[in-house]
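Quick notes on the structure that follows.
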There are 2 protein chains.
Amino acid sequence: MTALQITVDVVTVIFSVDPEANRLLVLVCGGELPRLPGLVLAEELSLAEQAYQVLATKVQVEHLYLEQLYTFGGPGRDERETSQRRCLCVAYFALVQYQETVLLLEPQPVQWVPVPQLPVLWGDHAQIVQYGYQRLRNKLEYSPIAFQVLPELFTLGELYQLYTIILGEDFSDYSNFRSRLLKLGFLRDTGQKVCRGAGRPASLYRFDQHAFLPYQDKPMVFI
Amino acid sequence: MTALQITVDVVTVIFSVDPEANRLLVLVCGGELPRLPGLVLAEELSLAEQAYQVLATKVQVEHLYLEQLYTFGGPGRDERETSQRRCLCVAYFALVQYQETVLLLEPQPVQWVPVPQLPVLWGDHAQIVQYGYQRLRNKLEYSPIAFQVLPELFTLGELYQLYTIILGEDFSDYSNFRSRLLKLGFLRDTGQKVCRGAGRPASLYRFDQHAFLPYQDKPMVFI
DNA sequence: GCAAAAGTGTTTTCCGTACACCCATGT
DNA sequence: ACATGGGTGTACGGAAAACACTTTTGC
């Protein structure tokens with residue numbers, strides 16, 4: 001009886017919100033049967049560092065949120081498996097700022113695809129995307145991840161748009177969303193105004209990390 | 001350059017609630033420097049099956065809840081690691097019914113320890129327990145895991161006690177807890193009464209799985 | 001009778017929801 | 001001027017928190 005060989009993949013589900021086209025995107029790579037970006041665990045890196053490497057080989061971006069999602073572990077979920085070899089997959093989930101993200105098209109083609117029109121993916125990667133999408137929606141409700149992919153200064157309209165794209169149009173009324181968040185007190189009005197085409201100029205706000213602390217890990221902060 | 005060898009441990013943080021002593025317990029094994037129960041991933045089992053095996057080697061119990069917790073992945077978190085060998089740890093979290101649980105003391109000693117008096121544990125196992133404790137408290141708030149470790153028929157007092165032991169005395173008033181839960185409509189009064197020492201006899205309730213469905217994955221059901 | 005535990009009801013406050021409405025800009 | 005998006009205010013229903021009170025048992 002020989003020892004079991006174990007291969008560990010680290011894959012990252014990378015989400016982004018395109019405010020122009022009003023849709024949620026996920027990054028896939030490869031042409032024929034596309035898959036999530038991933039690497040075989042090999043180097044002297046922590047899992048989180050490796051997940052970041054996975055991301056960095058496919059896109060160039062500064063502002064992002066990254067966390068561990070789930071570990072998928074067959075057997076039978078990966079075609080490379082044999083009776084001596086077992087394949088695990090540690091999945092991470094990321095949200096990146098769309099506007100600043102540059103896709104790195106070499107050596108493999110990569111592309112944004114809208115979540116609702118997700119094509120058939122390699123192996124169980126579609127399942128991993130679904131799992132990540134679920135987590136994204138949950139996180140948005142009690143965690144300030146939105147501010148990590150918004151510009152330093154943002155309007156409440158931009159914030160609201162981010163939420164509606166991910167959670168759906170009917171998650172909340174704009175004016176209620178607005179007053180609820182302002183009452184919480186961790187959004188600072190900078191006083192600066194900005195015009196987005198027609199309409200009244202909007203105030204630019206800043207997220208106050210320190211003022212958010214009381215809400216850390218408390219449920220349902222944003223909804 | 002040789003290929004990296006990977007060892008994967010599956011460990012399970014097993015919690016239980018002792019209603020007599022009014023405290024939350026976690027299972028540790030070994031004497032000198034105790035550790036969480038765990039096994040090296042080796043067989044043709046899924047991760048969840050393996051986590052269940054880990055549990056089954058230490059305790060005998062029928063009613064339990066089990067789910068994946070987190071994957072810890074150094075490097076540097078495990079003393080068995082070398083430059084050729086990397087150790088990952090897929091942690092699971094379990095809640096078992098205290099009354100029916102039988103500890104299997106062979107081949108290693110195992111014991112329940114109260115969470116507040118947790119001793120120093122091997123490696124990063126204390127951190128894993130903290131992570132599991134956090135998850136347990138969160139789960140309790142929106143998930144019906146309590147009913148998986150309560151008897152088929154239970155009183156609202158027993159349910160309330162389970163919640164207070166895990167979440168603390170001040171999480172909610174008993175009568176408010178009671179009326180909130182009953183209004184949700186997934187607890188069925190069987191009409192049977194039971195006496196627990198002094199005091200008015202309590203109704204025995206049953207959890208109605210079907211009636212709970214509308215609340216599946218909805219936040220803050222119980223608090 | 002009294003303590004103990006179960007169960008009911010009430011009051012007050014606060015919050016989410018659904019609106020209506022005003023404001024400041026581009027065209 | 002009017003469409004567009006930003007921003008404010010209000011009225012209503014319902015839920016959470018605090019707590020008083022009744023009921024039924026053991027001792």
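If you're wondering where the values come from, they're calculated on a predicted model, not measured in any experiment. Letters A, B, ... are given to chains in the order of the sequence lines, protein chains preceding strands, and every chain is numbered from 1.
- Evaluation of atom-type donor-acceptor distances gives no pair under 3.5 Å for the side chain of B/Asp173 against the base of D/dA16.
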Stepwise side chain to side chain contact (heavy atoms under 4.5 Å, CB included) test for B/Val129 and B/Leu36: CA-CA 9 Å; B/Val129 172; B/Leu36 294 174; 3.8 Å; yes
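- Atom-to-atom, CG of B/Leu181 to P of C/dT8 comes out at 14 Å; the value is rounded to the nearest Å.
- Distance from the side chain of A/Tyr174 is smallest to D/dG6 among D/dG6, D/dG26, C/dT17.
- Nearest-nucleotide mapping onto DNA chain C: of A/Ser172 and A/Gly197, the residue sitting toward the 5' end is A/Ser172.
- Between the side chains of B/Tyr160 and B/Glu158, no donor-acceptor pair is found at a separation under 3.5 Å.
- Rounded to a whole Å, the CG atom of A/Asp170 is 11 Å from the P atom of C/dT17.
- Summary of the strand contacts: A/Glu158 and B/Ser175 both lie near DNA chain D, and taking for each the nucleotide with the nearest heavy atom, the more 5' one is attributed to A/Glu158.
- With hydrogens and angles disregarded, a donor-acceptor distance shorter than 3.5 Å links the side chain of B/Glu100 to the backbone of B/His63.
- A/Phe177 does not carry A/Arg180 over the face of its six-membered ring by the limits of under 6.0 Å from the centre and within 45° of the normal.
- Side-chain N/O atoms of A/Ser203 include one lying less than 4.0 angstrom from OP1 or OP2 on D/dG7.
- Using a 4.0 Å cut-off, some side-chain N or O of A/Arg178 falls inside it from OP1 or OP2 of D/dT8.
- When the P atom of D/dG7 is taken as reference, atom CD of A/Gln192 falls 13 Å away, rounded to whole Å.
- Where A/Asn176 and A/Pro201 each meet DNA chain D at their nearest nucleotide, the meeting point lying more 5' is that of A/Pro201.
- Residue A/Arg180 contributes atom CZ, which lies 10 Å from atom C1' of C/dC15 at whole-angstrom precision.
- With rounding to whole Å, A/Arg196 atom CZ is found 19 Å from C/dA24 atom P.
- Between B/Phe154 atom CZ and C/dA6 atom P there is a gap of 14 Å when expressed in whole angstrom units.
- The NZ-P distance, from B/Lys193 to C/dA5, rounds to 17 Å in whole Å.
- In this structure, B/Tyr205 has its ring center no closer than 6.0 Å to that of B/Phe186.
- Rounded to whole Å, the distance from OH on A/Tyr160 to P on D/dG5 is 13 Å.
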